[in-house]
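Read the structure below first, then the notes.
Only this structure's heavy atoms are used, side chains among them; waters, hydrogens and symmetry mates stay out. In what follows, every chain begins at residue 1, and chains take the letters A, B, ... in the order their sequences are listed.
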Amino acid sequence: MSKGLPKRSEDYSLWYNELVKKADLAENSPVRGCMVIKPYGYSIWEKMQAQLDKMFKETGHSNAYFPLFIPKSFLSKEASHVEGFAKECAVVTHYRLKNAEDGSGIIVDPDAKLEEELIVRPTSETVIWSTYKNWIQSYRDLPLLVNQWANVVRWEMRTRLFLRTTEFLWQEGHTAHATAKEAMEETIQMMNVYAQFAEEYMAVPVVKGKKTENERFAGADETFCIEAMMQDGKALQAGTSHFLGQNFAKAFDVKFATKEGGLEYVWGTSWGVSTRLMGALIMAHSDDNGLVLPPKLAPIQVVIIPIYRGEAELELISVKAKEIMADLRKVGISVKYDDRDTQKPGWKFAEYELKGVPVRIGLGPRDLENGTIEIARRDNLTKETFELASQPIATKISNLLDQIQDGIFKKAIDFRASVTTEVNSWEEFKKVLNDTGGFVSAHWDGTSETEEKIKELTKATIRCIPLDRKEEAGTCVLTGNPSSGRVYFAKAY
RNA sequence: CGGGGUGUAGCGUAGCCCGGUAUCGCGCCACAUUUGGGAUGUGGAGGUCGUAGGUUCGAAUCCUGCCACCCCGACCA
């Protein structure tokens, strides 16, 4: 049993916070709302980055880097964009400090005021589109497919490790196209890339859908998203992909000469996922013993723990352990051999459970004698004694890692199914939200007023209009007005 | 930013009402015995009691401001 980790059933958010800290993923920093991502947590993020980056490149995108600062005037060029972000911007007003005359310390030098304030980017559409103006003249320059890995700052009121921090890490793709059709295809393609990543790598099932007007990105014509379900029945927006129409092209005057000799505004998209995915990963799978990581993203996939008395025994075990380690590494499995003499085996078992290492191998004198090892799975906490002669260890472990990856994905799907409910009346709607939470699939009359009203009454928002929804005549769960299909409501992070 | 709560060693805490510089556990260091699910014993180190003022002979304790964190709202990836 893990020492001091609260139970999910008792206090879910406390459990989450403690888990993030105890598993060495991240901690609060001296800077308000900003976290320190610790090496173990960062190594998971790096694995996510590596895979996403690969997928972006496979779909034709290249990485670039744009400035951290955005001149204030840029931000105001797209009206709804500035409206959406104005309330959460960090602003640089000065460029120099000096010693206070009265010796009280360092102060901002009032003489070093910037002519134009700089905004610490909350997102980069504006700097990027001002740059694209110079990069795009002709249809030959299109499509322009760029991604950037960066940090951004949004001055949020309440922050939570990974889920909502003042500064966060993300990637933002910004593309420009000759036609609306092509831009829309790009928007949907990237949503699909995100969904594939979430399901195949994070083992987190997601609903692909379209945002309602209320929930749309500031400056977008359409926002597509992937929505995940957490173990406490709350939804988490895990990634968004925006069809920007010609909004930013118009705001920054980005036109291109068409093949036919005309001059047109380009069509844009932007899409992003952030360190929030870490939050999704943690909350989707972990249990009261700690983190449960999908093998495909686990920095350490297998840990080998020797059980021994005395130096001589350790040496014998180490020979075998290193053999196994070499076999596993040969097939690309990441293995750690923890032969530290400073902790006892039981301590290590608990530690690696807390950190979510998918497979643990125990190796002791008894095993040496019998030609066996003990294999323990993190996901379901079962153990088996494996005979080394029965099949190659690398085969055994790679199959097991695959099984675990599939297993936790299926478990997450089953869980989501168990908290996804179709409702047909307002009473039912309220009851389900209160009792089980989760996704509530219901008819909605399509108006923002109704959406706002429901949010006011229940705190649930429309997470998305699922792309795969079936056309079905019905009546709005609140107003009784006609509806042509169901949408997903949920309380959300 | 509104309402509520909490800040005492790396972590978790007692003491606060009723002022006299601090309790216990975990962790840490040393040594010994231990090692198949978070070992045990003995000894030891570690604190400007969140911070800045005020009251007082004397403040962790009383008063005021500020800061941070947690919970509930509003806002959001």
Is [X] atom [atom1] crowded by more than 12 heavy atoms from other residues, nucleotides or ligands, each under 6.0 Å away?
X: A:Glu384; atom1: CD; answer: yes
X: A:Lys396; atom1: NZ; answer: yes
X: A:Gln343; atom1: CD; answer: yes
X: A:Lys322; atom1: NZ; answer: no

Using the [atom1] atom in both, what is the distance from [N] to [M], to the nearest Å?
N: B:rA9; M: B:rG46; atom1: C1'; answer: 6 Å
N: B:rU56; M: B:rU64; atom1: C1'; answer: 16 Å
N: B:rG58; M: B:rG20; atom1: P; answer: 15 Å
N: B:rC24; M: B:rC62; atom1: C1'; answer: 26 Å
N: B:rG2; M: B:rC18; atom1: P; answer: 31 Å
N: B:rG65; M: B:rC29; atom1: P; answer: 44 Å
N: B:rU21; M: B:rG15; atom1: C1'; answer: 12 Å
N: B:rC70; M: B:rU13; atom1: P; answer: 15 Å

Q. Can you say whether the rings of A:Tyr132 and A:Phe66 are parallel (under 30°), tilted (30 to 60°) or perpendicular (over 60°)?
A.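 Taking A:Phe66 first and then A:Tyr132, their aromatic rings stand perpendicular (interplane angle over 60°).
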Describe the nucleic acid contact of [X] in one word from base, sugar-phosphate, nothing, applying a heavy-atom distance below 4.0 Å.
X: A:Ser274; answer: base
X: A:Ser29; answer: nothing
X: A:Phe168; answer: base
X: A:Lys211; answer: nothing
X: A:Leu163; answer: base
X: A:Thr275; answer: nothing
X: A:Gly279; answer: nothing
X: A:Glu156; answer: base

Rounded to the nearest angstrom, tell me the gap between atom [atom1] in [X] and atom [atom2] in [N].
X: A:Asn214; N: B:rC75; atom1: CG; atom2: P; answer: 10 Å
X: A:Lys22; N: B:rG10; atom1: NZ; atom2: P; answer: 16 Å
X: A:Arg366; N: B:rG37; atom1: CZ; atom2: C1'; answer: 12 Å
X: A:Ile361; N: B:rG36; atom1: CD1; atom2: P; answer: 18 Å
X: A:Leu14; N: B:rC71; atom1: CG; atom2: P; answer: 8 Å
X: A:Glu88; N: B:rC1; atom1: CD; atom2: C1'; answer: 14 Å
X: A:Glu215; N: B:rC75; atom1: CD; atom2: P; answer: 10 Å
X: A:Leu354; N: B:rG37; atom1: CG; atom2: P; answer: 19 Å

Kindly point out which of [options] is positioned nearest to the side chain of [X]?
X: A:Pro345; options: B:rC75, B:rG37, B:rU35; result: B:rU35
X: A:Asn17; options: B:rC71, B:rU35, B:rG36; result: B:rC71
X: A:Ile307; options: B:rG38, B:rG37, B:rU35; result: B:rU35
X: A:Arg309; options: B:rC75, B:rG38, B:rU35; result: B:rU35

Q: Apply side-chain contact (heavy atoms from CB on, under 4.5 Å) to A:Leu14 and A:Tyr12, showing your working.
A: CA-CA 5 Å; A:Leu14 185 65; A:Tyr12 192 81; over 6 Å; no
Q | Base-paired stems in RNA chain B, each at least three Watson-Crick or G-U pairs under 3.5 Å | A | B:1-7 with B:67-73, B:10-12 with B:24-26, B:28-33 with B:39-44, B:50-54 with B:62-66
[N] phosphate, OP1 or OP2, under 4.0 Å from [X] side-chain N/O:
X: A:Lys21; N: B:rC69; answer: no
X: A:Arg154; N: B:rC76; answer: no
X: A:Ser13; N: B:rC71; answer: yes
X: A:Lys344; N: B:rA39; answer: yes
X: A:Arg32; N: B:rA68; answer: yes
X: A:Arg158; N: B:rC70; answer: no

Q: Could you tell me whether A:Lys296 and A:Glu200 make a salt bridge, using a distance below 4.0 angstrom between a side-chain N and a carboxylate O?
A: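 So A:Lys296 does not pair with A:Glu200 through a salt bridge.
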Q: Decide, yes or no, whether a salt bridge links A:Lys320 with A:Glu323 under the criterion of side-chain N to carboxylate O below 4.0 Å.
A: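 The answer is yes: the pair qualifies as a salt bridge.
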Q | Under-3.5 Å donor-acceptor pair between A:Glu353 side chain and B:rG37 base | A |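 Looking at the base of B:rG37, it does pair with a donor or acceptor on the side chain of A:Glu353 (distance under 3.5 Å).
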Q) Hey, is the side chain of A:Arg360 pairing donor to acceptor with the base of B:rG37 inside 3.5 Å? A) yes
Q.
Taking the six-membered ring of A:Tyr352 as reference, does the cationic atom of A:Arg378 (NZ for Lys, CZ for Arg) lie under 6.0 Å from its centre and within 45° of its axis?
A. no
Q) Pick the nucleotide of RNA chain B nearest each of A:Phe162 and A:Asp367; which residue has the one closer to the 5' end? A)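 By nearest-heavy-atom nucleotide position, the 5'-most residue is A:Asp367.
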Q. Considering all heavy atoms of both residues, which atom of A:Ser286 and which atom of A:Val292 are nearest to each other, and what is their separation?
A. OG-N, 3.2 Å
